[in-house]
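So you know, we letter chains A, B, ... as the sequences are listed, proteins then strands, and number each from 1.
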Amino acid sequence: MVRSRLPADMHETAMGDEIDDDEARAIRAKRIIEAVAAIPRGRVASYGAIAARAGYPGRARLIGRVLGDAPNRLDLPWHRVLRADGKIGIPPGTAGYREQCRRLKAEGVVVKDGRVPMSAFGLDHDLDRAIWGFPI
DNA sequence: GGCGTGACGGAGC
DNA sequence: AGCTCCGCCACGC
């Protein structure tokens, strides 16, 4: 059993439990998948927000990696994850890009030129409404 | 063990 | 809005 040397997984081993790199990857994937699964239908979140919510702040790129490896499960709303500016992260012209557009529009999310207005569909929208009583 | 790459993000211009 | 850098870091050569 090899202790994980992945820098960001050190907190996993801080309690003294021995884990190898594969297990560390599995834990990361699980947390990230759960965070993605928690995005409500018709709403979107940024890679960075999911990273933070999964316990990996500042590591937005990790989310793209995990989602890229994850199977295209129908029950995993991977399409609700976008760049911070609302743009689709998958390179335009690819099948994945078109699929993401399709799945977003299918649940009422507005996609214009490969971009979603985060102010209207991002989770902050709900937060602002909860705090202020209306979207700001 | 370097090195380039990327489904990122923020700052600066 | 767009375009550099720069920090980030797992992966595959």
Side-chain angles (χ1 to χ4, degrees):
Chain A
M1 190 70 87
V2 179
R3 175 180 291 272
S4 172
R5 290 170 306 287
L6 301 179
D9 294 319
M10 286 308 167
H11 67 284
E12 293 292 347
T13 63
M15 310 303 279
D17 46 332
E18 295 279 327
I19 64 173
D20 57 31
D21 290 357
D22 286 336
E23 191 174 348
R25 261 187 291 272
I27 292 171
R28 288 196 317 234
K30 184 173 187 294
R31 289 184 172 180
I32 290 167
I33 293 301
E34 286 173 350
V36 171
I39 308 172
R41 178 182 173 81
R43 317 253 66 160
V44 297
S46 69
Y47 292 99
I50 293 301
R53 186 182 280 226
Y56 306 104
R59 299 180 60 196
R61 305 193 85 128
L62 186 57
I63 277 57
R65 264 217 57 74
V66 170
L67 290 182
D69 290 339
N72 188 8
R73 278 166 33 193
L74 205 59
D75 61 322
L76 177 66
W78 56 267
H79 58 285
R80 297 178 189 147
V81 186
L82 307 165
R83 297 174 87 132
D85 61 3
K87 287 202 290 188
I88 288 177
I90 302 173
T94 63
Y97 178 92
R98 286 188 293 275
E99 172 69 2
Q100 186 164 13
C101 273
R102 189 189 68 72
R103 289 175 67 157
L104 283 169
K105 290 175 179 173
E107 58 185 52
V109 175
V110 172
V111 185
K112 172 89 170 174
D113 296 326
R115 188 169 47 82
V116 171
M118 296 296 272
S119 58
F121 296 98
L123 296 178
D124 290 349
H125 179 85
D126 296 329
L127 184 61
D128 291 333
R129 194 171 53 191
I131 295 174
W132 305 103
F134 56 89
I136 58 175

Please report the distance, rounded to the nearest Å, between [atom1] in [X] and [atom2] in [N].
| X | N | atom1 | atom2 | result |
| --- | --- | --- | --- | --- |
| Asp21(A) | dG12(C) | CG | P | 12 Å |
| Leu67(A) | dC11(C) | CG | P | 14 Å |
| Ile27(A) | dA10(C) | CD1 | C1' | 16 Å |

Exercise. What pairs with Arg102(A) under salt bridge (charged side-chain N to carboxylate O under 4.0 Å, His left out), at least two apart in sequence or on another chain?
Worked result: Glu99(A)
Exercise. Would Val116(A) and Leu104(A) satisfy side chain to side chain contact (heavy atoms under 4.5 Å, CB included), going step by step from the backbone distance to the final call?
Worked result: CA-CA 9 Å; Val116(A) 171; Leu104(A) 283 169; 4.1 Å; yes
For this session: List the steps, then state whether side chain to side chain contact (heavy atoms under 4.5 Å, CB included) holds for Asp124(A) with Met118(A).
Result: CA-CA 8 Å; Asp124(A) 290 349; Met118(A) 296 296 272; over 6 Å; no
Problem set entry | Comparing Arg115(A) and Asp69(A) on DNA chain C - which has the more 5′ nearest nucleotide | Arg115(A)
Problem set entry | Given DNA chain C, 5'-ward residue of the pair Lys87(A) and Arg65(A), judged by closest heavy atom | Lys87(A)
Problem set entry | Residue pairs fulfilling salt bridge (charged side-chain N to carboxylate O under 4.0 Å, His left out) with at least one residue in residues 34-58 of chain A, sequence neighbours excluded | Lys30(A)-Glu34(A), Arg41(A)-Glu107(A), Arg43(A)-Asp126(A)
Problem set entry | OH-CZ distance between Tyr56(A) and Arg31(A), expressed to the nearest 0.5 angstrom | 4.5 Å
Problem set entry | Rounded distance [0.5 Å steps], CG in Leu67(A) versus CG in Leu62(A) | 9.5 Å
Seminar exercise, completed: Residue set satisfying side chain to side chain donor-acceptor pair (under 3.5 Å) with Asn72(A), at least two apart, ordered chain then number -> Trp78(A), Arg103(A)
Problem set entry | Arg59(A) vs dG7(C): side-chain N/O to OP1/OP2 distance below 4.0 Å | no
Seminar exercise, completed: Per the under-4.0 Å heavy-atom filter, residues of residues 94-106 of chain A near DNA chain B come out as none
For this session: Could you note down all residue pairs passing side-chain hydrogen bond (donor to acceptor under 3.5 Å, both in side chains) where residues 60-71 of chain A supplies at least one of them, sequence neighbours left out?
Result: Arg65(A)-Asp69(A)
I'd like a list of close polar pairs between nucleotides 8-11 of chain B and the protein, N/O only, cut-off under 3.5 Å.
residue, atom, partner, partner atom, Å
dC8(B), OP1, Arg83(A), NH1, 3.2
dC8(B), N3, Arg61(A), NH1, 3.1
dC8(B), N4, Arg61(A), NH1, 2.6
dG9(B), OP1, Tyr47(A), N, 3.2
dG9(B), OP1, Gly48(A), N, 2.7
dG9(B), OP2, Ala84(A), N, 2.8

For this session: Just jot down the side-chain contact (heavy atoms from CB on, under 4.5 Å) partners of Ala45(A), sequence neighbours excluded, or say none.
Result: Ile39(A), Ile50(A), Leu123(A)
Problem set entry | Partners meeting side-chain contact (heavy atoms from CB on, under 4.5 Å) with Asp113(A) (sequence neighbours left out) | none
Problem set entry | Dot-bracket summary - DNA chain B, pairs being Watson-Crick or G-U whose distances fall under 3.5 Å, with | when paired to another strand | .|||||.||||||
All N/O donor-acceptor pairs, side-chain side in residues 81-94 of chain A, below 3.5 Å, sequence neighbours left out:
residue, atom, partner, partner atom, Å
Asp85(A), OD1, Lys87(A), N, 3.0
Thr94(A), OG1, Pro91(A), O, 2.8
Thr94(A), OG1, Tyr97(A), N, 3.2

